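Written out below as structure tokens is the structure these notes cover.
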Amino acid sequence: MSSQTQIFPDMPALCPETLCVSGLSLARGELTLVRDFNLDLAPGEAVLMSGPNGTGKTSLLRAIAGFIRPEAGTIRIGEHPPTIAAAERLAWLGHADGLKPGESPRQALRFWAAMAGQPRKAILPLMRALAIESVIDRPAGRLSRGQQRRTALVRVALANRPIWLLDEPAGPLDGGGRARLADLVAWHRSRGGSVIAATHQILDWPDARRIDLGTHR
Amino acid sequence: MSSQTQIFPDMPALCPETLCVSGLSLARGELTLVRDFNLDLAPGEAVLMSGPNGTGKTSLLRAIAGFIRPEAGTIRIGEHPPTIAAAERLAWLGHADGLKPGESPRQALRFWAAMAGQPRKAILPLMRALAIESVIDRPAGRLSRGQQRRTALVRVALANRPIWLLDEPAGPLDGGGRARLADLVAWHRSRGGSVIAATHQILDWPDARRIDLGTHR
Amino acid sequence: MNALGAVFAREARLAWAGGGGAAGPAAFFLAAITLAPLAIGPAPDLLMAIGPGIMGFAALLSVLQSADRLFGDDHADGTAELYLLSGATPAWLVLAKVMGQAVATLWPLPVIGLLGALMYGVPVETALVGALALLAAIPALSLIAGFAGALAAGIRRSGLLIALIATPMMVPVLIFAAGAGRSAFEGDERAVANLLLTLAVSLGTTALTPFGIAGAIRSRLG
Amino acid sequence: MNALGAVFAREARLAWAGGGGAAGPAAFFLAAITLAPLAIGPAPDLLMAIGPGIMGFAALLSVLQSADRLFGDDHADGTAELYLLSGATPAWLVLAKVMGQAVATLWPLPVIGLLGALMYGVPVETALVGALALLAAIPALSLIAGFAGALAAGIRRSGLLIALIATPMMVPVLIFAAGAGRSAFEGDERAVANLLLTLAVSLGTTALTPFGIAGAIRSRLG
Amino acid sequence: MLSYFSNPQRFDQLARVLIPIFGGLALVLLGVGVWLALFNSPPDYQQGETIRIMYVHVPAAYMAMALYVALAVASFVYFVWRHALADTAAEVIAPIGAVFTMLALFTGSLWGKPMWGTWWEWDARMTSVLVLLLVYLGYMALRAALEDSQQAARTGAILAMAGIINLVIVKFSVDWWSSLHQPASVIRLDGPTIHSSQLWPLAIMALAYTFLAGWLVLYRLRSQALRRRARALQRQRDQLARQREEAVS
Ligand code: HEM
Ligand SMILES: Nc1ncnc2c1ncn2[C@@H]1O[C@H](COP(=O)(O)OP(=O)(O)OP(=O)(O)O)[C@@H](O)[C@H]1O
Ligand SMILES: Nc1ncnc2c1ncn2[C@@H]1O[C@H](COP(=O)(O)OP(=O)(O)OP(=O)(O)O)[C@@H](O)[C@H]1O
Ligand SMILES: [Mg+2]
Ligand SMILES: [Mg+2]
């Protein structure tokens with residue numbers, strides 16, 4: 001796919017990984033949110049998860065990442081349950097962007113590149129891919145909501161991990177930002193990566209599977 | 001309009017108010033964001049403000065609320081500049097929802113009703129109008145993003161003030177939530193209220209004026 | 001219920017919510033006066049001599065502990081904007097807020113101060129004077145802490161900055177409040193004068209700091 | 001640069017960012033040892049006797065002050081999740097984090113402790129022993145504060161909770177560290193033993209608390 | 001008057017004239033003062049030669065307080081009239097004041113060793129100067145922690161104005177607390193109680209310190225103002241370039 005070369009051709013290769021959720025039930029407090037949920041995600045696939053507010057999209061993503069312990073069912077990333085071993089296969093974008101107000105995107109992304117063991121030189125192309133290279137040295141606390149979100153998306157891409165878990169990635173993005181996100185996801189999939197995103201926006205990612213968690217229940 | 005009776009017919013009448021922004025220029029740090037911006041908002045009107053991330057929508061709303069001092073130009077709410085006197089005419093929804101994690105919507109809304117001098121009995125109908133009456137006693141920290149946003153919208157409506165300033169009101173809302181927000185806004189306008197909202201979503205509020213801050217610059 | 005009453009009640013409720021409540025500063029106070037003898041050593045006459053002073057010092061630190069959350073949370077969660085647009089006079093509003101928290105959480109301090117002084121071997125009358133002085137000092141201490149907290153709201157590691165800003169302004173209260181205890185201990189008749197001075201400082205602070213706090217909140221939103 | 005080095009360096013950088021840095025705990029320490037005599041009174045022999053103890057006590061409080069931000073900020077801004085998914089061993093990661101902050105911000109404490117002790121009229125050798133004891137106590141104090149901070153991350157008024165959780169665990173360090181200064185003051189040869197014990201507690205804490213902290217972070221995400 | 005000099009150009013002209021005058025006066029007065037203090041004044045009948053430390057110490061203590069007053073006044077002017085120059089003044093005064101405070105502490109404790117036998121005494125006056133140092137440090141730390149310059153300016157101004165209470169503490173602390181320190185002997189309602197052979201060198205040193213501080217403040221103020229203007233010009237140029245680009249495309 002052409003978007004691969006557009007974004008950053010020198011990125012080290014990705015190790016594709018499968019995700020398999022079977023018979024998952026989640027409860028929060030008194031409430032059962034998700035009952036007997038099944039999902040198979042092969043390399044290169046994308047899932048767009050929608051559903052009314054409060055149905056449990058965020059909870060489901062957090063369970064897959066291993067932050068919430070499910071009531072029943074299994075989650076497998078490759079062969080592992082979501083433990084530290086499997087965590088290295090996931091890239092996470094939550095409601096919060098994980099930015100420090102005093103740290104500029106450049107500083108933050110250099111740090112996350114080092115954490116993921118990825119080369120720094122990927123930072124600038126990825127910032128460009130999300131059209132925020134001009135704010136690279138502005139403290140994150142002064143960025144606009146959309147600029148913060150884009151910085152967090154760069155962090156996700158920078159980790160170079162096969163499975164992306166994105167919770168409302170497009171909420172604060174403008175039209176251009178959504179298009180650039182779609183390109184980024186297409187690039188990731190072309191490299192063998194996969195994505196699960198919870199969203200209320202209508203994102204047109206080509207041949208993404210759509211799950212409505214509301215009707216599933 | 002029928003939505004008025006649907007939502008809460010017993011709400012005390014609203015005192016309509018005009019807003020007039022003329023020749024406004026805003027700067028943040030070294031950056032000039034908005035130059036010579038003009039806006040007139042009569043009772044019953046709605047303005048939907050869009051524009052690329054980082055153009056200054058949030059900054060503009062904050063200036064109108066009196067949180068940011070403009071470089072040049074004037075802002076008038078009725079006859080007043082945005083001071084405490086004029087503040088009583090504004091209802092504010094920022095990026096943050098203004099909720100305390102340990103407080104339930106019922107507790108929080110009772111508090112804000114008392115602050116605004118409005119009757120408590122409006123709380124339940126408004127919660128119903130946004131379809132979150134079922135979570136009324138759940139601590140806000142455990143609500144989903146969309147539920148939190150809806151609670152904040154109830155707070156805005158509850159204050160019974162003529163001019164609403166909404167920063168991305170619909171970001172975390174599902175389709176149903178957006179429809180209910182549209183109803184709420186229609187009800188507010190039918191009572192003589194007006195709204196300025198910054199948004200990246202396509203909200204279909206009937207005959208709302210649309211401003212693209214990106215092209216304005 | 002009017003707006004100020006609502007703010008007062010909410011602040012008291014939030015201070016109690018989450019199980020902390022009055023236990024918080026009280027527990028810190030208790031921890032501090034328990035640790036001090038461990039650091040200083042068990043010599044009884046030494047402890048007796050420093051008893052009234054340590055009570056004042058520990059009370060000051062307990063009040064400082066909760067200062068960063070009082071206005072810092074409002075700054076972070078968007079409540080500060082809402083308060084400024086609420087139409088209530090900002091100075092009254094912040095006074096209600098600080099007092100709501102103080103009334104809900106700080107009343108045990110004089111009681112523990114009394115007990116603590118007795119545990120340090122301080123005579124009963126001296127301990128009583130000390131406890132009264134603490135009571136008189138609480139408004140001043142919590143308003144000054146609130147002022148520093150409003151200035152530093154939302155700053156990383158604001159706790160330290162708050163302590164640095166607040167302590168110099170707390171010096172007179174500390175001198176008078178601890179002085180009351182000490183003069184009582186030394187059988188000096190200045191105890192009453194010190195007590196009255198503490199009260200006077202508290203009144204003065206109550207009249208002035210709310211304006212400072214309101215100004216600080218507004219300036220931090222810009 | 002490997003992951004742990006990166007965490008260490010980032011934490012040190014964040015501690016310095018925004019102008020606070022090493023000045024924070026140091027300034028608090030200075031404020032505490034300045035206020036104590038105001039509360040206790042100026043009598044020189046009294047101050048000399050409590051000098052070593054007050055230094056240990058004030059150092060403990062300074063370390064506590066920054067504890068709520070160390071893990072609380074990560075919890076609030078979503079960094080905690082990212083750390084857990086980073087693939088680095090959590091215990092090592094938190095150790096690097098705590099040490100990064102400690103190295104960046106706590107090194108002035110022994111220096112000010114030395115100066116402070118001299119200002120309290122403590123003899124030079126005693127003051128030196130006290131400063132060494134502070135140095136030896138810093139790892140233990142900051143790790144215990146970090147543990148309490150991780151347990152209380154994101155809780156309203158976590159500062160108080162942290163103080164409550166941490167102080168009992170800090171008792172041994174405080175006893176040995178302040179004990180070293182006091183024994184030196186009293187010309188007691190137990191000074192060296194106390195110094196070594198402080199160091200031993202610090203080493204033990206370094207070996208154990210990281211697991212506790214990592215577990216606490218994970219449990220607070222659920 | 002205020003608004004007259006808040007104009008950057010006019011301030012710059014004025015500063016260019018005043019800076020050499022202040023610098024020169026400071027140099028000359030310091031020379032004379034040091035000569036008088038060290039060689040041409042009698043040793044004290046009680047304190048002997050150590051009295052000479054006084055000529056360094058007392059003016060430093062006085063500058064520590066005077067500069068805080070200046071800081072508070074500049075902050076007040078900024079807060080009410082929003083002259084950017086007043087804020088810059090506050091910004092540059094603080095570290096200079098802190099240095100003079102440290103000098104007062106340092107020379108005071110040098111003096112204390114021969115006089116009282118200790119470097120440091122928890123005496124009211126000394127302690128309150130230490131507190132004044134904390135006030136300066138707190139002000140600088142708050143400003144440094146606020147990234148937005150407008151927020152730093154307004155918030156700092158509020159703190160500086162509130163901090164004026166500490167001068168009251170410094171001034172009256174002697175009466176509140178039992179004290180070893182000299183009671184005020186120069187500035188008294190019934191005239192100075194100090195001998196004229198000591199008063200003269202002291203007065204000259206005080207004047208010298210004042211001009212030194214004035215020179216430091218003006219110098220840093222001018223360079224800060226120039227930096228601000230350079231930044232503004234750069235911004236203008238960038239914006240013009242951007243507009244030209246837009247016009248072309
Ligand atoms: C670090 C220690 C010291 C500090 C912080 C300090 C501070 C001050 C201050 C703030 C003043 C100005 C008082 C005013 O104008 O009201 C002052 C004046 C003075 N100090 Fe010190 N002082 C210290 C040590 C000493 C010592 C050891 C002596 C000698 C015995 C001394 C003798 C004086 C004298 C004679 C004056 C002039 C008093 C007057 O005319 O008001 N000081 N000092
Ligand atoms: N500890 C808890 N106790 C009770 N209910 C809880 C708890 N935590 C979460 N909930 C509820 O669980 C539901 C699921 O929340 P979740 O955040 O997963 O929803 P979501 O699908 O992401 O919604 P949104 O679209 O609004 O983001 C919500 O209704 C919430 O109120
Ligand atoms: N203190 C500051 N210094 C420099 N630049 C700043 C400062 N504060 C904000 N900015 C910049 O000002 C711009 C406007 O931000 P604002 O939040 O108003 O944008 P927005 O239109 O609301 O964007 P979004 O759609 O992403 O929410 C951003 O580009 C931001 O980076
Ligand atoms: Mg969600
Ligand atoms: Mg915005």
Side-chain angles (χ1 to χ4, degrees), chain B residues 26-29 58-59 61-70 77 82-104 107-120 139-141 148-149 152 155-156 158-161 163-165 167, chain C residues 1-21 24 66 69-97 100-101 104-105 153-154 210-211 213-222:
Chain B
L26 290 181
R28 305 291 280 152
T58 299
S59 308
L61 288 175
R62 291 182 74 82
I64 294 175
F67 302 143
I68 297 181
R69 191 178 287 267
I77 295 153
T83 55
I84 294 160
E88 292 187 39
R89 327 260 69 219
L90 301 175
W92 174 260
L93 180 79
H95 282 312
D97 290 320
L99 300 171
K100 303 283 176 190
E103 219 178 35
S104 70
Q107 294 174 313
L109 293 169
R110 281 193 175 170
F111 169 73
W112 289 112
M115 285 298 281
Q118 297 297 325
R120 284 180 178 196
Q148 290 174 345
R149 201 65 175 162
R155 195 227 329 116
V156 167
L158 191 63
N160 201 19
R161 292 180 169 180
I163 303 175
W164 289 3
L165 304 177
D167 198 356
Chain C
M1 190 163 49
N2 70 358
L4 296 181
V7 171
F8 182 91
R10 181 195 210 198
E11 213 49 49
R13 173 160 49 74
L14 285 175
W16 276 93
S66 39
R69 291 296 160 121
L70 188 59
F71 292 102
D73 280 354
D74 284 358
H75 185 83
D77 66 22
T79 307
E81 277 99 339
L82 302 179
Y83 276 149
L84 283 184
L85 294 182
S86 71
T89 314
W92 282 112
L93 195 152
V94 299
L95 186 61
K97 196 174 145 69
Q101 203 213 23
T105 68
F211 297 97
I213 299 179
I217 292 177
R218 175 164 284 276
S219 80
R220 292 304 319 283
L221 284 183

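Below, chains carry the letters A, B, ... as their sequence lines are ordered, and counting in each starts from 1. Quick caveat: nothing in here was measured; it's all calculated off a predicted structure.
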Practice problem: Report the distance from atom CD of C:Glu81 to atom CG of B:Asp167, rounding to the nearest 0.5 Å. | Solution: 10.5 Å
Quiz prompt | Segment of B:Arg161 engaging chain C (4.5 angstrom heavy-atom cut-off) | solution = side chain
Quiz item: Can you tell me how far CG of C:Leu4 sits from CE of B:Met115, rounded to the nearest 0.5 angstrom?
Solution: 7.5 Å
Self-check item: Reported CZ-to-CG distance for the pair B:Arg155 and C:Leu82, which is rounded to 0.5 angstrom
Solution: 4.0 Å
Self-check item: Part of C:Leu93 lying under 4.5 Å from any heavy atom of chain B
Solution: side chain
Practice problem: Using the six-membered ring wherever Trp is involved, compare the ring planes of C:Tyr83 and B:Phe111 and label them parallel, tilted or perpendicular (cut-offs 30° and 60°). | Solution: perpendicular
Self-check item: Gap between atom OG1 of B:Thr83 and atom CG of C:Leu84 - 0.5 Å precision
Solution: 12.0 Å
Quiz item: Got a second to check how far B:Phe67's CZ is from C:Leu85's CG, nearest 0.5 Å?
Solution: 4.0 Å
Quiz item: Which bit of B:Leu93 is near chain C, if near means a heavy-atom gap under 4.5 Å: side chain, backbone, both or neither?
Solution: neither
Self-check item: Distance (rounded to the nearest 0.5 Å) between C:Arg10 CZ and B:Glu103 CD
Solution: 4.0 Å
Quiz item: Any idea which heavy atoms bring B:Lys100 and C:Asp77 closest together, and the distance?
Solution: NZ-OD2, 3.0 Å
Quiz item: Taking B:Ala116, B:Ala96, B:Gly98 one by one, which has the highest count of heavy-atom pairs under 4.5 Å against chain C?
Solution: B:Gly98
